[in-house]
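Notes follow once the structure below has been shown.
Side chains are part of it too, since the values below use all heavy atoms of this structure and drop only hydrogens, waters and symmetry mates.
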Amino acid sequence: MPETTPPFIDAKQNIDLLVYNATVYTIDSNFSKAEGLAINKGKIIATGNSKNLQNLYHAKENINAKGKYIFPGFIDAHAHFLGYGLGLQKVNLAGTESWDNVLDKLKTFAQTHKEGWITGRGWDQNNWSIKEFPTNEKLNHLFPNRPVIITRIDGHAAIANNKALEISNVKAGEKIEGGEVEIKNGKLTGILIDNAMDLVYSKIPASTESQLKVALLAAQKNCFEMGLTTIDDCGLDYETALFIDSLQKNNELKMRLFIMMSDNKKNYDYLFSKGKIKTDRLNVCSFKLFSDGALGSRGAALLKPYSDKPGRTGLILKPEEHFDAAAKIISQHGFQMCTHAIGDAANRMILKIYAKYLKVKNDQRWRIEHAQIVNKSDFHYFGDYNIIPSVQPTHATSDMRWAGDRLGKERLKYAYAFNDLKNENGWIPLGTDFPIEDISPFKTFYAAVFRKDAKGWPGNGFQKENALSREDAIRGMTMWAAKANFEEQEKGSLEKGKFADFILLDTDLMKAGEKEILNTKVLMTFVNGEKVFEMN
């Protein structure tokens, strides 16, 4: 009988994607490195060296990373994704150098946006030569018949013209809990602080679904370009969350979102009756509360008066009983509580309320958002009750030029104390709070590690003892951010079984010099194994 050749059997497993010739930072528990990733059906099935992976797998698509650097997709643990997208349709006042500069931008905007309210955000009087709040006379002169309100960069103060104040029926001498309507010589200046802003903003027509969709997709595009694959959106209503869910299910919105519900009755009623919302792309299991204002507008609640404004201690935005009642009901229903607290008085109040409802050791992962100024005797609450400080490194480098004026030397020592806070639980999630700060995760990393602003100031770093190591900073933007969202089993590291959310960078963040880090380029961004961005 003639000899026959046995049929060739290809033992390789068929997969969707193989990436090789990379330096892969897996961010696993050992911070181990690999050379490649094997991906199938949206998940990582293996990491390893390039040759082994190529011997084991036959991929529909192969990417030679040419020695570049792969990290898990970045997770921004505190931002305002929808607000950022909506802001792209408004006047951007970030970086303005004077009140007149603000007015010029408003005039230019009004020439191309001829109807309706004029709104915008981003001015910061601390960056002007005259570091006082402006008054609205020039705004009234420019726009006598068209309502205008523009918000300070921190979102905790705004200035409105008289037309907007008139429509909103704001009167001189009006008192509002947790807010302030500023008057000088018996007249409204247009400045509204914290809860007083709602008097005007409540009169602006709500965005349509079409406007919301445009905003969300614009925000997604910019985030993917920056290597962000999950965003914590801090404070939305349940209707918006459901709309986002519908866009995600239609595969129009591919960004993964962790949404904190705003602190109002309809959101509590809805979620407590329906339960947590959890899909691969959406997680709604928490509530966001505001305990005080911001430091820049002197609304942050301090135990002792502001060093540069004797007699003023800031604002607690609602009665203490409100936060206690919210903690009680959130605890009873098994949800996560996340509370904005900036000043040391606000942090102390919220930490004590949390301690009342949390067991000494627990896995509830209740969060303090910002935790900017903490009294030295209060740090222990974070460790004792497993309370998570969710911080934004660029806040420190934005505020450092004037924070000492507000706080004085002694209090400043315990402000933006990221390393001290990290040591309480051994981990800390990092975010940006965009659009209050720049969207860039590389600025987050740089500020966390070097404690400098994007111009490299100050040369020796701001309170360098509270810098994070490079490894801790990367964990804070990936694994620890996922953990703060109860999502560490599905994302945050590049390990078998997790979502294939990863980014290819031109720079090794773990070794690069300071300037290189700020100039890092995202070459590709993948979500669920799908390429959602590639640099031209």
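- Comment: Arg256 does not engage Glu487 in a salt bridge, judged by the lack of any side-chain N to carboxylate O separation of less than 4.0 angstrom.
- The pair Lys361-Asp384 fails the salt-bridge criterion, with no side-chain N (NZ, NE, NH1 or NH2) lying under 4.0 Å from an Asp/Glu carboxylate O.
- No donor-acceptor pair under 3.5 Å is formed between the side chain of Asp405 and the backbone N or O of Ser307.
- The CD1 atom of Ile387 sits 10.0 Å away from the CD1 atom of Ile350 when rounded to the nearest 0.5 Å.
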Report the C-alpha distance between Asp237 and Met261 in whole Å, list the side-chain angles of each, state the deciding distance to 0.1 Å, and finish with yes or no for side-chain contact (heavy atoms from CB on, under 4.5 Å).
CA-CA 6 Å; Asp237 289 334; Met261 290 286 95; 5.9 Å; no
Evaluation steps, side-chain contact (heavy atoms from CB on, under 4.5 Å), between Ile150 and Arg121
CA-CA 5 Å; Ile150 50 173; Arg121 182 173 184 153; over 6 Å; no
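- Within the structure, side-chain hydrogen bond (donor to acceptor under 3.5 Å, both in side chains) contacts touching residues 442-451 (residues at least two apart or in different chains) are Asp438-Lys443, Tyr446-Glu514.
- Among all heavy-atom pairs drawn from Met260 and Cys338, the shortest one is SD-CB, 3.7 Å.
- Put simply, CG on Asn127 and OG1 on Thr96 are 8.0 Å apart, with the number rounded to the nearest 0.5 Å.
- Nearest approach of Ala77 to Asp232, heavy atoms of both residues: O-OD2, 3.1 Å.
- Annotation for Glu97: atom CD does not count as buried by contact number, only 12 or fewer foreign heavy atoms lying within 6.0 Å.
- Within the 4.5 Å cutoff, the side chain of Leu199 has heavy atoms near those of the Val181 side chain.
- Aromatic pair Tyr381/Tyr354: ring centres not closer than 6.0 Å.
- Between the side chains of Glu182 and Thr189, at least one donor N or O sits under 3.5 Å from an acceptor N or O.
- Side chain of Lys521 to backbone of Asn519: a donor-acceptor contact under 3.5 angstrom is found.
- From Leu407, atom CG reaches atom CG of Leu302 across 6.0 Å, with rounding to the nearest 0.5 Å.
- Only one option out of Val284, Leu236, Leu212, Leu82 pairs with Ile244 in a side chain to side chain contact (heavy atoms under 4.5 Å, CB included); it is Leu236.
- Side-chain atoms of Met255 and Leu257, non-hydrogen and from C-beta on, do get closer than 4.5 Å to each other.
- Between the side chains of Thr135 and Lys184, no donor N or O sits under 3.5 Å from an acceptor N or O.
- Checked by atom type and distance alone, the side chain of Tyr414 never pairs as donor or acceptor with a backbone atom of Phe379 at under 3.5 Å.
- Within a 6.0 Å radius of CD in Glu465, more than 12 heavy atoms belonging to other residues, nucleotides or ligands are found.
- Using cut-offs of 30° and 60° on the angle between ring planes, the pair Trp99 and Trp128 is tilted.
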Between Asn375 and Leu303, is a side-chain contact (heavy atoms from CB on, under 4.5 Å) present by the stated rule, with each step listed?
CA-CA 9 Å; Asn375 186 276; Leu303 294 166; 3.8 Å; yes
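- Scanning all heavy atoms of the two residues, the minimum distance from Asn267 to Ser262 falls at ND2-O, 3.0 Å.
- Atom NZ of Lys309 sits in a sparse spot, with 12 or fewer heavy atoms from other residues, nucleotides or ligands closer than 6.0 Å.
- A distance-only check finds a donor-acceptor pair linking the side chain of Gln392 to the backbone of Ser390 [under 3.5 Å].
- Panel note: side chain Asp233, backbone Phe81; a donor-acceptor pair is recorded below 3.5 Å.
- Contact of the Trp123 side chain with the Gln125 side chain is registered, since non-hydrogen atoms from C-beta on lie closer than 4.5 Å.
- Stacking of Lys131 on the aromatic ring of Trp402 is not recorded, the 6.0 Å distance cut-off and the 45° axial limit not both being met.
- Checked against the 6.0 Å centroid threshold, Phe109 and His113 count as a close aromatic pair.
- When every heavy atom of Ala110 is checked against every heavy atom of Ile118, the shortest pair comes out as CB-CD1, 3.9 Å.
- Here Lys171 does not pair with Glu174 in a salt bridge; the nearest charged N to carboxylate O distance is not below 4.0 Å.
- Interatomic distance, CG of Asp100 versus NZ of Lys107, reported as 8.5 Å (0.5 Å rounding).
- Put simply, the side chain of Ile191 reaches to within 4.5 Å of the side chain of Ile193, judged on heavy atoms.
- Counted by atom type alone, Glu369 and His340 present zero donor-acceptor pairs between their side chains at under 3.5 Å.
- Salt-bridge annotation for Asp154 and Arg152: present, with a side-chain N of the basic residue lying under 4.0 Å from a carboxylate O of the acidic one.
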Kindly determine whether Tyr416 and Gln372 satisfy side-chain contact (heavy atoms from CB on, under 4.5 Å), including the steps that lead there.
CA-CA 5 Å; Tyr416 314 97; Gln372 276 185 16; 3.5 Å; yes
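- The two residues Gly95 and Asn101 make their nearest non-hydrogen contact at O-OD1, 4.5 Å.
- Residue Glu488 forms a salt bridge (Lys or Arg N to Asp or Glu O under 4.0 Å) with just one option from Lys483, Arg365, Arg475, and that option is Arg365.
- No side-chain donor-acceptor contact under 3.5 Å links Asn485 and Asn283.
- Between atom CG of residue Leu271 and atom SG of residue Cys285 there is a gap of 9.5 Å, rounded to the nearest 0.5 Å.
- Arg470 contributes no side-chain N or O that, together with a main-chain N or O of Val449, makes up a donor-acceptor pair within less than 3.5 Å.
- Between His156 and Phe290, the closest side-chain pair of non-hydrogen atoms falls below 4.5 Å.
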Distance-only criterion, 3.5 Å: show the donor-acceptor pairs between side-chain atoms of residues 312-319 and protein atoms not counting sequence neighbours.
{"unit_1": "Arg312", "atom_1": "NE", "unit_2": "Arg298", "atom_2": "O", "d": "2.8"}
{"unit_1": "Arg312", "atom_1": "NH1", "unit_2": "Glu180", "atom_2": "OE1", "d": "2.9"}
{"unit_1": "Arg312", "atom_1": "NH2", "unit_2": "Glu180", "atom_2": "OE1", "d": "3.3"}
{"unit_1": "Arg312", "atom_1": "NH2", "unit_2": "Arg298", "atom_2": "O", "d": "3.3"}
{"unit_1": "Lys318", "atom_1": "NZ", "unit_2": "Asp263", "atom_2": "OD2", "d": "3.4"}

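- No side-chain donor-acceptor contact under 3.5 Å links Arg411 to the backbone of Ile373.
- Summarising the geometry of Ile439 relative to Cys223, their closest heavy-atom pair is CD1-SG, 3.6 Å, with the distance given to 0.1 Å.
- Side-chain contact between Met510 and Ile474 is present, with at least one heavy-atom pair separated by less than 4.5 Å.
- At distances below 3.5 Å, not a single donor-acceptor pair connects side-chain atoms of Asn185 with backbone N or O atoms of Lys187.
- For the atom pair OG (Ser291) and CD (Glu320), the distance works out to 10.5 Å, reported to the nearest 0.5 Å.
- In this structure Glu225 satisfies the side-chain hydrogen bond (donor to acceptor under 3.5 Å, both in side chains) test together with Lys221, sequence neighbours excluded.
- For Asp378 (side chain) and Val374 (main-chain N/O), no donor-acceptor pair under 3.5 Å exists by modelled atom type.
- Remark: the backbone N or O of Gly190 is not paired with any side-chain donor or acceptor of Asn161 at under 3.5 angstrom.
- A side-chain donor from one of Asp76 and Thr432 sits under 3.5 Å from a side-chain acceptor of the other.
- Looking at heavy atoms from C-beta onward, His395 lies in side-chain contact with Asp433 at the 4.5 angstrom threshold.
- Using a 4.5 Å heavy-atom cutoff, the side chains of Lys328 and His333 are not in contact.
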